[in-house]
Amino acid sequence: MQSNDIEITLSDGGKKIFPRGATVREILAATAPGKNGWIAAKLDGNAVDLTKTVEGNASIEGIAAGSNEALVILRHSAAHIMAQAVKSIFPEARVAIGPAIENGFYYDFDVARPFTEDDLGRIEAKMKEIAAGKLPFERSEVDRKDAIRYFSETGEKYKVELLEEFTDPTVSYYKQGDFTDLCRGPHIPHTGYLKAFKLTHVAGAYWRGDERNAMLQRIYGTAFFDVEALEKYLDFLEEAQKRDHRKLGRELDLFSFSDEIGAGMVIYHPKGALIRHILESFEKREHLRRGYHIVVGPTLLKTELWKRSGHFDNYRENMYFSEIDGQSYGIKPMNCLSHMIIYKSKIRSYRDLPLRFFELGTVHRHEKSGVLHGLMRVRQFTQDDAHLICTPDQLNDEIKGIIDFVLDVMGIFGFSYEMEISTRPEKSIGSDEDWDRATKALIKALEEKGIPFHVCEGDGAFYGPKIDVKLLDALDRRWQCATIQCDFTMPERFDLTYIGPDGGRHRPVMLHRVILGSMERFLGVLIEHYAGAFPVWLAPVQAEIVTVTDAQLEFAQQVARELQERGVRVEVDLRSEKLGYKIRDAQKQKIPYMLVIGDKEVTAGAIAPRRRDGTQLSLMAPQKFADLVQKECLESSKGRVGLGTI
RNA sequence: GCUGGCGUAGCUCAAUGGCAGAGCAGCUGAUUUGUAAUCAGCAGGUUGGGGGUUCAACUCCCUUCGCCAGCUCCA
C-alpha cells in the first residue's frame with residue numbers, strides 16, 4: 001500500500017504529516033515558522049541538505065546556523081568554495097581532499113608552484129566574489145563508474161584514486177557555479193552563507209598523509225557564521241601566541257637552545273633550572289610517599305641488551321649508538337632495561353610485590369629534525385619514569401593506583417585532560433593473547449574509575465598497549481604527558497620471576513608509566529598554561545624588593561636576607577631607577593610579589609607588598625610576609641610544597 | 001626526514017648589489033624619584049658557518065648548521 005502522506009517525527013517528539021517527496025526545507029519551515037536560520041538537518045540522524053526530499057516516514061531535526069554541527073558544514077563548504085577559487089585562478093591545479101577540521105578547514109592541491117602569501121590574498125578575494133554570487137550548492141547522484149570517467153576526463157587523478165577505492169555503486173557530486181566536487185555533503189544552501197572567513201596559512205602535506213606519496217600544497221583557513229566570532233577566534237590565536245613557551249622562556253630567562261650545542265638540546269638557565277628542581281623534588285616526595293623506590297640507571301647500555309628487549313629491532317632508528325673498547329653500546333631512549341636488571345639482581349618473593357622503581361631518567365631519542373619544537377619535542381629529555389612489577393592479581397589495583405596518582409597531580413596544576421587507549425601497532429612484539437590481556441586490564445581500570453576514553457587503534461608502544469593522558473594547552477593543542485603502559489612481554493624476554501606462595505617460579509607483569517611525562521615538555525606546557533605567571537610555589541623568584549630611592553637599599557638587603565632565611569625566593573633590584581620603572585620590570589617578569597620599601601617602610605621596619613595583579617597589601621613585617629607566602633605555597637600546591645621544602 | 005619560509009647587536013626589527021642602522025636591554029655619569037618606561041653619553045657586528053659569482057655581496061648562487069609553519073612520527 002502506497003500512501004501519499006508520510007509521518008515526520010520532529011525534534012520535540014511531535015509527529016506531523018507531510019506529502020511524500022516534501023523537502024527538508026519545507027518540513028522545517030512548516031514546523032518552525034520564523035526560523036530562517038536552518039542550514040541543514042538530520043534525517044534519521046544523518047546530516048542532509050535542506051533540499052533533500054523525504055520519501056518515507058522519518059525523524060527530522062534542523063541544524064541551526066551557529067550550532068557546532070552547522071559550523072562544521074559551513075567550514076566544509078568553505079573548503080569547496082576555496083577549491084573553486086583556486087581552480088579559477090590556477091586552472092592547472094588538481095584538487096585532492098578538503099575537509100573541515102577542529103578550528104577551520106583545509107584543502108589540498110597539486111600545483112606546479114607552491115602557493116605564496118600573495119596567492120592567499122588573491123584566493124581570498126576570489127572566494128568573496130563567489131560568496132557574493134550566492135551560488136546554490138547542488139547535489140546530484142551519479143554512477144561511480146561515470147564519476148570515474150568524469151574525473152579522469154577533467155584530469156582530477158586524486159578524485160579518481162579515491163573513487164576507485166569506493167564500493168558504493170553511486171556517489172554524490174556537489175556543484176556550485178562551474179565547480180563540481182566529489183562529496184558526501186551536506187553543504188550550506190548557497191555560497192552567500194560564507195560571510196566570515198580567513199585563509200590562515202599554507203604548508204606542504206603528503207597525499208593521504210603518507211610520506212611515500214607526493215607532497216601536496218595545503219591551504220588552511222577558518223570560517224564562522226559572523227564576523228564577530230571570526231575576530232574573536234583571531235584574537236584568541238594572537239593571545240595564544242603571547243603565551244608561546246619559546247617566547248616566554250626567553251623573556252623570563254628560563255631556558256634556551258644553542259646551535260653550537262645542537263638541535264633539540266635544552267639549556268636550563270638558573271630560573272628554569274630552579275622550576276625544574278622544584279618539580280623534581282616535588283615528584284620524588286610524591287613517589288616516596290606512594291611506596292615507590294628511587295633508583296638510578298646508566299645512560300649507556302650494551303647493544304646486546306637492546307637486542308634482547310626488542311628495542312634494536314623496533315626502535316633502532318630513534319637510538320644513538322657508540323662503541324667502547326670494541327663493544328657496541330646504545331644510549332637509552334627508555335629507562336625500563338636497568339629497572340628490570342635491578343629487579344633481577346636478586347630472587348624476588350611474592351611478598352616483595354608490587355615493586356615500584358622510580359627514576360628521573362634522562363633519555364635520548366633521535367627525533368626527526370622537522371618535529372623539534374621548543375621544549376615540547378626535544379632530543380634529550382628527562383622522564384619521571386617508573387616501572388611497576390607486580391603479580392597478575394595486583395595489576396588492576398596498580399593501574400588504578402597510577403590513575404589516582406595522575407589525577408591527583410593534574411589537579412594540583414589545574415589541567416584539563418583527555419584519556420585514550422592505544423592498542424597494538426603493526427611493529428610490535430609479544431603474543432596476541434598477552435596484548436589482549438594487557439589491553440583489557442587497562443580498559444577495566446578506566447571503566448572502574450568511571451573515566452571516559454576513546455580508543456586509538458594501533459597507537460600502542462611496541463611492547464604493550466597504553467593509556468595516554470593528553471593535556472590541553474593554551475592553543476587547545478593536546479600534549480601527551482602521562483602514559484600508562486601494560487607489558488607482559490618484557491618480563492618474558494628478561495625472564496623476570498618471583499617465588500609464589502607455592503614455592504614455584506611465576507611470571508610478573510610490568511607497568512611502564514610516567515606522570516608528568518618529560519620534565520621538558522611538562523615545563524613547556526606549564527609555561528603556556530600559566531602564561532609565564534607561575535603560582536607562588538613554582539615561581540623561581542617569589543618576591544622582588546624594589547626601593548623608592550637608593551637610600552633604602554641597605555634596609556632592603558637586610559629584609560632580603562631575613563626572607564631568604566625563611567625560605568622565600570627573593571631578589572633586590574639595586575638599580576637607581578624610579579620606582580615605577582622597577583615595578584614595571586618585575587611585572588614583566590611576572591614575579592608574584594613586589595615588595596616596596598621607602599622611608600615610611602624603613603621607619604616602620606616593614607615592607608609594602610604589591611601583588612602582580614596590581615592589588616596593594618597593607619604594610620607588614622617581613623616575617624608576616626614570609627608567613628603569607630608559606631600559606632599561599634601550601635594552598636596552591638594542595639599542601640605539598642611549602643617554603644624551604646624544595 | 002619531506003614541502004615552503006626564514007637567519008643582521010642580548011631582544012625586536014631597518015638597510016633590494018655601492019659607508020651595516022634604530023628602539024629596548026647593558027655600561028658610565030647626572031638625577032634620588034611612592035606603584036608599568038628620568039635624562040645624557042658610551043659600548044655593542046667576521047650580517048649563523050663554509051664556498052662561489054662580482055670592481056663591489058646582508059643582498060645573487062651552491063653547501064652546511066639552526067629556527068619557523070605544516071606533513072609524517074612521538075614524552
Side-chain angles (χ1 to χ4, degrees), chain A residues 106 108 111 113-117 200-220 244 246-247 250-251 253 256-264 315 317-318 333-335 361 363 365-385 422 425 459 461 466 468-471 479-483 485 512-522 524-525 546-553 575-589 594-601 608-612 614-616:
Chain A
Y106 68 79
D108 286 345
V111 279
R113 172 183 69 80
F115 296 116
T116 62
E117 291 296 318
T200 50
H201 55 286
V202 56
Y206 298 108
W207 167 234
R208 317 196 93 176
D210 190 326
E211 61 186 330
R212 289 165 302 195
N213 287 340
M215 175 72 74
L216 307 174
Q217 293 300 312
R218 175 172 297 177
I219 301 177
Y220 286 90
D244 190 313
R246 293 167 298 186
K247 183 177 147 75
R250 187 169 49 238
E251 288 171 0
D253 199 15
S256 66
F257 294 89
S258 155
D259 1 344
E260 290 177 295
I261 287 178
Y315 207 73
E317 60 279 11
N318 286 299
M334 301 182 193
N335 301 299
V363 298
R365 294 185 188 173
H366 182 210
E367 301 291 347
K368 290 178 182 175
S369 58
V371 307
L372 301 175
H373 179 90
L375 294 178
M376 305 301 200
R377 274 302 273 285
V378 291
R379 286 186 173 149
Q380 176 189 309
F381 56 100
T382 300
Q383 295 180 302
D384 59 333
D385 204 1
S422 296
D459 279 349
K466 56 182 182 172
D468 283 334
V469 183
K470 311 270 185 190
L471 299 188
W479 289 105
Q480 184 171 325
C481 292
T483 178
Q485 306 170 350
H512 310 239
R513 49 105 280 192
V514 291
I515 304 289
L516 305 184
S518 90
M519 304 311 291
E520 282 73 9
R521 176 176 291 179
F522 194 76
V525 175
V546 287
T547 58
V548 175
T549 74
D550 290 351
Q552 298 93 28
L553 277 179
R575 297 173 300 181
S576 49
E577 295 285 352
K578 283 167 70 171
L579 180 62
Y581 183 92
K582 290 186 275 195
I583 296 259
R584 179 171 188 270
D585 240 39
Q587 195 74 46
K588 286 204 303 182
Q589 286 295 306
M594 285 144 255
L595 308 180
V596 176
I597 295 179
D599 283 337
K600 233 186 332 183
E601 286 75 18
R610 171 195 200 273
R611 273 194 237 269
R612 65 184 155 197
T615 55
Q616 184 63 50

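Side chains are part of it too, since the values below use all heavy atoms of this structure and drop only hydrogens, waters and symmetry mates. Below, chain A is the first sequence line, B the second, and so on; all start at residue 1. Bear in mind that the values here come from a model prediction, so they are computed numbers and not experimental data.
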Handout entry: Q480(A) vs A75(B): side-chain N/O to OP1/OP2 distance below 4.0 Å
Key = yes
Fill in the blank from the handout: Comparing Y315(A) with A203(A), nearest RNA chain B nucleotide closer to 5' gives the residue A203(A)
Practice task
Have a look at A551(A) and say if it touches a base, only the backbone sugar-phosphate, or nothing, with a 4.0 Å heavy-atom cut-off.
Solution key: nothing
Practice task
With heavy atoms under 4.0 Å as the rule, sort K582(A) into base, sugar-phosphate or nothing.
Solution key: nothing
Handout entry: Sugar-phosphate, base or nothing in reach of R513(A), heavy atoms under 4.0 Å
Key = nothing
Practice task
Answer with base, sugar-phosphate or nothing: what part of the nucleic acid does V378(A) contact at a heavy-atom distance below 4.0 Å?
Solution key: base
Practice task
May I ask you to say what R365(A) touches in the nucleic acid, namely base, sugar-phosphate or nothing, with a heavy-atom cut-off under 4.0 Å?
Solution key: base
Handout entry: Assigned partner base of U54(B), Watson-Crick or wobble definition, under 3.5 Å
Key = none
Handout entry: N/O donor-acceptor pair, side chain Y206(A) with base G1(B), under 3.5 angstrom
Key = yes
Practice task
Assign D385(A) to base, sugar-phosphate, or nothing according to its heavy-atom contacts below 4.0 angstrom with the strands shown.
Solution key: nothing
Handout entry: Backbone of F381(A) reached by a side-chain donor or acceptor of R521(A) within 3.5 Å
Key = no
Completion exercise
Between V469(A) and E211(A), whichever has its closest RNA chain B nucleotide further toward 5' is E211(A)
Handout entry: OP1 or OP2 of C74(B) under 4.0 Å from side-chain N/O of R521(A)
Key = no
Problem - Length of the line joining Y106(A):OH and U3(B):C1', which is rounded to integer Å - result: 15 Å
Problem - Counter-base of G23(B), judged by Watson-Crick or G-U geometry with both distances under 3.5 Å - result: C11(B)
Practice task
Give a yes or no on whether R212(A) atom CZ has more than 12 heavy-atom contacts from other residues, nucleotides or ligands under 6.0 Å away.
Solution key: no
Practice task
Would you kindly give the CD-to-C1' distance between Q217(A) and G5(B), to the nearest whole Å?
Solution key: 11 Å
Handout entry: Phosphate OP1/OP2 of C71(B) contacted by R208(A) side-chain N/O (<4.0 Å)
Key = no
Practice task
Decide yes or no on side-chain contact (heavy atoms from CB on, under 4.5 Å) for R246(A) and F257(A), but give the supporting numbers first.
Solution key: CA-CA 10 Å; R246(A) 293 167 298 186; F257(A) 294 89; 5.8 Å; no
Problem - Candidates G4(B), U32(B), A75(B) - which lies nearest the side chain of S518(A) - result: A75(B)
Handout entry: Mate of A40(B) where both pairing distances stay under 3.5 Å, Watson-Crick or G-U
Key = U28(B)
Exercise for the section: Please assess V378(A) against E367(A) for the test side-chain contact (heavy atoms from CB on, under 4.5 Å), listing each intermediate value before the final yes or no. Expected result: CA-CA 7 Å; V378(A) 291; E367(A) 301 291 347; over 6 Å; no
Practice task
With heavy atoms under 4.0 Å as the rule, sort K466(A) into base, sugar-phosphate or nothing.
Solution key: sugar-phosphate
Handout entry: Assigned partner base of C2(B), Watson-Crick or wobble definition, under 3.5 Å
Key = G70(B)
Practice task
Can you check each nucleotide of nucleotides 35-49 of chain B against protein heavy atoms at under 4.0 Å and return B for base, S for sugar-phosphate only, - for none, in 5' to 3' order?
Solution key: BBBB-----------
Problem - N/O (side chain, R250(A)) to phosphate O (OP1/OP2, U12(B)) under 4.0 Å - result: yes
Exercise for the section: Could you give the distance separating G45(B) and A9(B) at their P atoms, to the nearest angstrom? Expected result: 10 Å
Problem - N or O in side chain of Y220(A) less than 4.0 angstrom from C71(B) OP1/OP2 - result: yes
Practice task
Check every strand shown and say whether G209(A) touches a base, only sugar-phosphate, or nothing at a heavy-atom separation below 4.0 Å.
Solution key: sugar-phosphate
Practice task
Please indicate yes or no: is the ring centre of F257(A) less than 5.5 Å from the centre of the six-membered base ring of G66(B), with the two planes inclined by under 30 degrees?
Solution key: no
Exercise for the section: Would you kindly give the CD-to-P distance between E251(A) and G10(B), to the nearest whole Å? Expected result: 17 Å
Practice task
Taking only the side-chain nitrogens and oxygens of T549(A), find out if one of them lies under 4.0 Å from OP1 or OP2 of U33(B).
Solution key: no
Handout entry: C1' atoms of C58(B) and G21(B), separation to the nearest Å
Key = 12 Å
Exercise for the section: Indicate, with a heavy-atom threshold strictly under 4.0 Å, whether E520(A) touches base, sugar-phosphate, or nothing. Expected result: nothing
Exercise for the section: Ignoring backbone atoms, test whether H373(A) places a side-chain nitrogen or oxygen under 4.0 Å from the OP1 or OP2 oxygen of A69(B). Expected result: yes
